[in-house]
**Student:** 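First the structure, which I've put down as structure tokens, then a few questions once you've had a look.
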Protein chains: 2
Amino acid sequence: MNDSIALISRIRENANKLIVKYLNTNGIEGLVPSHGDILAFLISKKQCTMNELAQSIHRTKATTTVLVDKLEKFGFLERQKSVNDSRVTFLTLTEKGQNFKPIFEKISKDLIDKLYQGFTNDEIIAANKLLKKMLKNIE
Amino acid sequence: MNDSIALISRIRENANKLIVKYLNTNGIEGLVPSHGDILAFLISKKQCTMNELAQSIHRTKATTTVLVDKLEKFGFLERQKSVNDSRVTFLTLTEKGQNFKPIFEKISKDLIDKLYQGFTNDEIIAANKLLKKMLKNIE
DNA sequence: GCAGAATAGTTAGATATCTAACAACACGCT
DNA sequence: AGCGTGTTGTTAGATATCTAACTATTCTGC
């Protein structure tokens, strides 16, 4: 519907496909970028509530429930009820989930390398500055 | 999963929400950006096959069928079987669909204005150049 | 202590999107 | 003409994602 937006959409869709491809290459099938976002967040945060998680990955609580269900089923994370507030559920990575860290780092690097192939360092900085400015405009 | 990709994802998601909002504001409810892409393509192309359409909006044939079903149901476009090849279906806008043109133009303008608010002309040109370069890298 | 409001996470339903399979059709070669 | 291959658009099933509604729980003010 609009050239810039169309470009951005195409980049994102291709990036998502690439992420899924990299995940598969590293032996992780059936996951999508949002799953990756969750695992990445838990790698850095160690433990969080469903609410925190939903906010961090910019998804609704309902979507987060489904995403977490699958990760729990695959054995990447665990749920624990809070002892202070029984509405609250904490999430932590299992050992299997923690083993995701090196894979996550590799995929991130490969993705960036591919996205910015042929860019100078100045161009990379400029691109990110412009993207941040766009996002701020459209929030 | 990656800062630049995350930025791009956020921009795209916010842009899509804005498109839907603008569509609603202009009296068109129940449509999503892909519907808009279809109408825009038919505004410029007048008539096309399902295959051409699917390729132009970067969606699979299956998805395109569902999208077109809805637009046909809403009265924006019509299907006609080809007389030369009975597998082929041509799509054309109805009068209601053609009335979408000014709305489409307005939405496009509003969206760009918002995305590039506060940008110099050089920055806009630079942003698009960088985005094209990224897309080429990641295709 | 109680009532009303707010909150956390889940459930149900709808939808855009994909893959895979399919039926009908067209094409090219023998 | 017949056969094998390729093509078109649809159908079926799965899934991430949303909204809305919900239950159970917690919080706040009286």
Side-chain angles (χ1 to χ4, degrees), chain A residues 1 9-10 12-21 23-24 28-39 47-74 77-91, chain B residues 1 9-10 12-21 23-24 28-39 47-74 77-91:
Chain A
M1 183 171 265
S9 290
R10 308 279 326 104
R12 187 234 188 201
E13 279 164 13
N14 280 288
N16 282 357
K17 280 177 192 161
L18 206 47
I19 290 169
V20 172
K21 181 179 162 189
L23 284 168
N24 288 348
I28 302 182
E29 303 197 2
L31 297 190
V32 298
S34 287
H35 292 120
D37 294 337
I38 290 174
L39 295 174
Q47 177 181 278
C48 68
T49 64
M50 291 287 285
N51 214 355
E52 284 178 314
L53 184 58
Q55 282 173 26
S56 78
I57 66 172
H58 303 281
R59 291 289 176 263
T60 63
K61 292 187 292 183
T63 301
T64 306
T65 295
V66 174
L67 292 167
V68 165
D69 284 347
K70 190 163 185 176
L71 289 172
E72 188 181 29
K73 181 180 170 189
F74 279 20
L77 56 77
E78 293 173 323
R79 283 176 161 106
Q80 291 111 22
K81 279 288 193 188
S82 163
V83 295
N84 297 319
D85 182 340
S86 64
R87 297 169 303 178
V88 173
T89 300
F90 287 111
L91 304 168
Chain B
M1 185 172 259
S9 290
R10 308 281 322 107
R12 187 234 187 200
E13 279 165 11
N14 279 287
N16 281 357
K17 280 177 191 161
L18 207 47
I19 290 170
V20 171
K21 182 179 160 190
L23 284 167
N24 287 349
I28 302 182
E29 301 197 5
L31 296 190
V32 297
S34 286
H35 292 120
D37 294 338
I38 290 174
L39 295 174
Q47 177 181 275
C48 68
T49 64
M50 290 289 284
N51 215 353
E52 286 177 312
L53 184 59
Q55 284 173 24
S56 78
I57 66 172
H58 302 282
R59 289 291 174 265
T60 63
K61 294 185 294 183
T63 300
T64 308
T65 295
V66 173
L67 291 168
V68 164
D69 284 347
K70 192 163 186 176
L71 288 172
E72 189 181 28
K73 181 180 169 188
F74 278 20
L77 56 78
E78 292 173 326
R79 284 176 161 103
Q80 291 110 24
K81 278 288 193 186
S82 162
V83 292
N84 298 319
D85 181 342
S86 63
R87 297 169 304 177
V88 174
T89 299
F90 287 113
L91 305 168

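Below, read A as the first sequence line, B as the second, and so on, with proteins coming before strands; counting in each chain starts at 1. Atom set for the values below is all heavy atoms of this structure, side chains included, hydrogens, waters and symmetry mates excluded.
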**Student:** Nearest of D:dC18, C:dG9, C:dC25 to any side-chain atom of A:Asn51?
**Tutor:**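 Of the candidates, C:dG9 comes closest.
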**Student:** Can you tell me which nucleotide in C:dT10, D:dT11, D:dT10 comes closest to the side chain of B:Ala62?
**Tutor:**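 The answer is D:dT11, which lies nearest to the side chain.
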**Student:** Between C:dA16, D:dT8, D:dA16, which nucleotide has the shortest distance from any of its atoms to the side chain of B:His35?
**Tutor:**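 Ranking C:dA16, D:dT8, D:dA16 by closest atom to the B:His35 side chain puts C:dA16 first.
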**Student:** Do B:Arg87 and D:dT7 share a donor-acceptor pair, side chain to base, under 3.5 Å?
**Tutor:**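 Checked by distance alone, the answer is yes.
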**Student:** Give a yes/no answer on whether the side chain of A:Thr89 brings an N or O atom under 4.0 Å of OP1 or OP2 in C:dA8.
**Tutor:**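 No, A:Thr89 has no side-chain N/O under 4.0 Å of OP1/OP2 on C:dA8.
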**Student:** With no hydrogens and no angle check, is any side-chain donor or acceptor of B:Ser86 less than 3.5 Å from a backbone partner on B:Ser82?
**Tutor:**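 It does not hold such a pair.
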**Student:** Choose from D:dA12, D:dG9, C:dG9 the nucleotide whose nearest atom is closest to any side-chain atom of A:Met50.
**Tutor:**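 Nearest nucleotide to the side chain: C:dG9.
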**Student:** Atom CG of B:Asn16 to atom C1' of C:dT15: distance rounded to whole Å?
**Tutor:**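 Those two atoms, CG and C1', are 14 Å apart.
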**Student:** For A:Arg10 and C:dT17, give me the distance from atom CZ to atom P, rounded to whole Å.
**Tutor:**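 So the two atoms are 12 Å apart, to the nearest Å.
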**Student:** Of the listed nucleotides (D:dA16, D:dA20, C:dC25), which one gets closest to any side-chain atom of A:Lys70?
**Tutor:**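 Ranking D:dA16, D:dA20, C:dC25 by closest atom to the A:Lys70 side chain puts D:dA16 first.
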**Student:** Taking 4.0 Å as the cut-off, does a side-chain nitrogen or oxygen of B:Lys17 come that near to OP1 or OP2 on D:dC18?
**Tutor:**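 Result: no.
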**Student:** On the nucleotide C:dT10, are OP1 or OP2 found under 4.0 Å from the side-chain N or O atoms that A:Thr65 carries?
**Tutor:**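 So the side-chain polar atoms of A:Thr65 do come within 4.0 Å of the phosphate oxygens OP1 or OP2 of C:dT10, strictly under.
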**Student:** For a 4.5 angstrom cut-off between non-hydrogen side-chain atoms, does B:Ile57 reach B:Leu67?
**Tutor:**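 Counting from C-beta outward, B:Ile57 and B:Leu67 do come under 4.5 Å.
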**Student:** Within the 4.0 Å heavy-atom criterion, would you say B:Thr60 contacts the bases, only the backbone, or no part of the nucleic acid?
**Tutor:**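 If one applies the 4.0 Å heavy-atom cut-off, B:Thr60 turns out to touch a base.
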